[in-house]
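Below, chains carry the letters A, B, ... as their sequence lines are ordered, and counting in each starts from 1. Every value quoted in this text rests on a predicted model; they were computed, and no experiment measured them.
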Protein chains: 2
Amino acid sequence: MKLTSYTNYAMRCLQLAALKEPELVRIDDVTFIHGVSRPQVVKVVHKLGKAGFLETVRGRNGGFRLGRPAKDIIIGDIVRLTEGPLDVVECFNPEKNTCPLIGICKLSKKIQEATHAFMDVLDNVTIADISENRIPLLNRIELLEITGKPVIFTQSGQTS
Amino acid sequence: MKLTSYTNYAMRCLQLAALKEPELVRIDDVTFIHGVSRPQVVKVVHKLGKAGFLETVRGRNGGFRLGRPAKDIIIGDIVRLTEGPLDVVECFNPEKNTCPLIGICKLSKKIQEATHAFMDVLDNVTIADISENRIPLLNRIELLEITGKPVIFTQSGQTS
DNA sequence: TCAAAAGATATATTTTCAATATTGCTTTTA
DNA sequence: TAAAAGCAATATTGAAAATATATCTTTTGA
């Protein structure tokens, strides 16, 4: 059970925009810092832009910034935007369902309940919450920008 | 974000065993009723058997039954058995992580929290809970057994 | 004024991994 | 003793995610 990397990248873009505010962030900054494929970032930035979560600026000296205050961007909404409906089990989607017990099966209802519990947590987290520890996050990022990439991090500090 | 069909089949096997109790259920009953691939059911039954959730009986007139009372089989445990660790985002697994912010990123912690909320719900559901409405469930199953397969169900009743 | 920087868009390709199939085994009992 | 049932390992298929390619449009500084 996992979210797509696309969703992951969306959140990283928003987080980075929050951290760098009021500076503009460029797509190449994201690809550099997070080491992910440029076309993926392009797609995600565009989608976030269309939905109003980011404001994109074309042309030389362009880039993107948050489209509204960080505290008003809810992680749950980003997940809904990039994932679409969470079909944790096939019977959530009558189109795809093959289970003969659909409609009367309590299992389905319980998994729905669990999925709601999952989203409830994310509906109470904003971009402000995940960029609140600005200094250490920016330190990590700066380190990358100075040393220039091939640096790998573990949970308990830096390695090479 | 979805669970594997393997996990789904595991739960269907346990549910069916609970419904048919004290009768033995055969692998071919599951493939017939749920229209899923036999080798998948074989695998799942075997795994559930080894873990003690099912008791399997080999040889002619064999089959399987619950390995312990339905109320003592927790859905959360089945999910853990068949899914393994839920790597909802790659940073849950330091082996696979590529994010430079690992260890200090609040997003990761919030998604962990959401995942726990998801599992918490399933840790409070047992096989007894999802087979408690025995009569309607068995009616559906019987209908299949009588009419012999090509019947498709929608959420609001039967179609063909 | 035009070339470079930046995002926009569509389509194609690759890769991964879940899902399924195949084959042959062992156990049990009518 | 043959048929019914589960056990086990390996191979194949297929769908979807991830990535790449190519070509656009917009903007602005030299």
Side-chain angles (χ1 to χ4, degrees), chain A residues 1-10 12-13 16-17 20 23-32 34-51 53-65 67 82-90 93 95-96 98, chain B residues 1-10 12-13 16-17 23-32 34-51 53-65 67 82-90 93 95-96 98-99:
Chain A
M1 195 179 75
K2 62 175 197 178
L3 297 168
T4 60
S5 63
Y6 191 67
T7 296
N8 203 303
Y9 299 164
R12 295 191 197 185
C13 288
L16 190 59
K20 293 279 194 175
E23 261 182 69
L24 282 177
V25 176
R26 282 159 303 164
I27 283 179
D28 285 324
D29 294 335
V30 181
T31 58
F32 175 79
H34 286 289
V36 301
S37 96
R38 193 174 195 286
Q40 288 281 85
V41 182
V42 167
K43 261 196 267 184
V44 109
V45 165
H46 180 224
K47 187 155 197 171
L48 290 170
K50 274 208 305 191
F53 295 115
L54 285 181
E55 190 185 324
T56 58
V57 181
R58 294 177 79 148
R60 185 182 274 213
N61 296 332
F64 60 86
R65 63 169 72 87
T82 55
E83 293 282 317
L86 293 185
D87 291 344
V88 178
V89 283
E90 69 162 35
N93 181 356
E95 305 279 306
K96 289 189 186 166
T98 62
Chain B
M1 195 179 75
K2 62 174 198 175
L3 296 169
T4 61
S5 63
Y6 191 67
T7 296
N8 203 301
Y9 299 162
R12 295 190 197 185
C13 288
L16 191 59
E23 260 181 70
L24 282 177
V25 175
R26 281 159 305 163
I27 282 180
D28 285 324
D29 294 335
V30 182
T31 59
F32 176 78
H34 285 288
V36 301
S37 94
R38 193 175 195 285
Q40 288 282 85
V41 182
V42 167
K43 261 198 266 186
V44 110
V45 165
H46 180 221
K47 188 157 195 169
L48 291 170
K50 273 209 303 194
F53 295 115
L54 284 181
E55 189 186 324
T56 57
V57 180
R58 296 179 81 150
R60 183 181 274 212
N61 296 332
F64 60 86
R65 64 170 70 89
T82 55
E83 292 282 316
L86 294 185
D87 290 344
V88 177
V89 284
E90 68 163 34
N93 181 355
E95 306 278 305
K96 288 189 185 166
T98 62
C99 179

Mind calculating the distance between [atom1] ([X]) and [atom2] ([N]) to the nearest angstrom?
X     : N      : atom1 : atom2 : answer
B/R65 : D/dA5  : CZ    : P     : 14 Å
A/N8  : D/dA17 : CG    : P     : 15 Å
B/M1  : C/dA18 : CE    : P     : 16 Å
B/K47 : D/dA8  : NZ    : C1'   : 14 Å
B/Y6  : C/dA21 : OH    : P     : 16 Å
B/D28 : D/dA5  : CG    : P     : 7 Å
A/R26 : D/dT27 : CZ    : P     : 18 Å
A/D87 : D/dA15 : CG    : C1'   : 15 Å

OP1 or OP2 of [N] less than 4.0 angstrom from a side-chain nitrogen or oxygen of [X], does that happen here?
X     : N      : result
A/R58 : D/dT25 : no
A/S5  : D/dA18 : yes
B/N61 : C/dA30 : yes
A/T56 : C/dA6  : no
B/Y9  : C/dT20 : yes
A/Q40 : D/dA18 : no
B/R60 : C/dA30 : no

With the side chain counted from C-beta on, respond yes when A/R12 and A/V44 share a heavy-atom pair under 4.5 Å apart, and no when they do not.
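They are not in contact (no side-chain heavy atoms under 4.5 Å apart), so the answer is no.
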For [X], report the nucleic acid contact type (base, sugar-phosphate, nothing); a contact means any heavy atom under 4.0 Å.
X     : result
A/V57 : sugar-phosphate
A/G49 : nothing
B/G59 : base

Just how far is it from atom OG1 of A/T4 to atom OH of A/Y9, taken to the nearest 0.5 Å?
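So the OG1 of A/T4 and the OH of A/Y9 are separated by 9.5 Å.
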Could you tell me the separation between the CG atom of B/D87 and the CE atom of A/M1, rounded to the nearest 0.5 Å?
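Result: 10.5 Å between the selected atoms.
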Just compare D/dA8, D/dA20, C/dA8 and give me whichever is closest to any side-chain atom of A/V42.
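Closest nucleotide among those given: C/dA8.
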To the side chain of B/T4, which of D/dA5, C/dG7, C/dA18 is closest?
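In terms of side-chain proximity for B/T4, the closest of D/dA5, C/dG7, C/dA18 is C/dA18.
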Can any side-chain N or O of B/E90 pair as donor or acceptor with the backbone N or O of B/T98 at less than 3.5 Å?
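Yes, because the side chain of B/E90 sits within donor-acceptor range (under 3.5 Å) of the backbone of B/T98.
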Hey, mind stepping through B/R38 and B/I27 against side-chain contact (heavy atoms from CB on, under 4.5 Å) and telling me if it holds?
CA-CA 7 Å; B/R38 193 175 195 285; B/I27 282 180; 4.0 Å; yes
As a test of understanding, state which of A/D28, A/T31, A/D29 forms a side-chain contact (heavy atoms from CB on, under 4.5 Å) with A/V41.
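For A/V41, the side-chain contact (heavy atoms from CB on, under 4.5 Å) check succeeds only for A/T31.
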Go nucleotide by nucleotide along DNA chain D from the 5' end; which of B/K43 and B/R38 gets its closest nucleotide reached first?
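Of the two residues, B/R38 wins.
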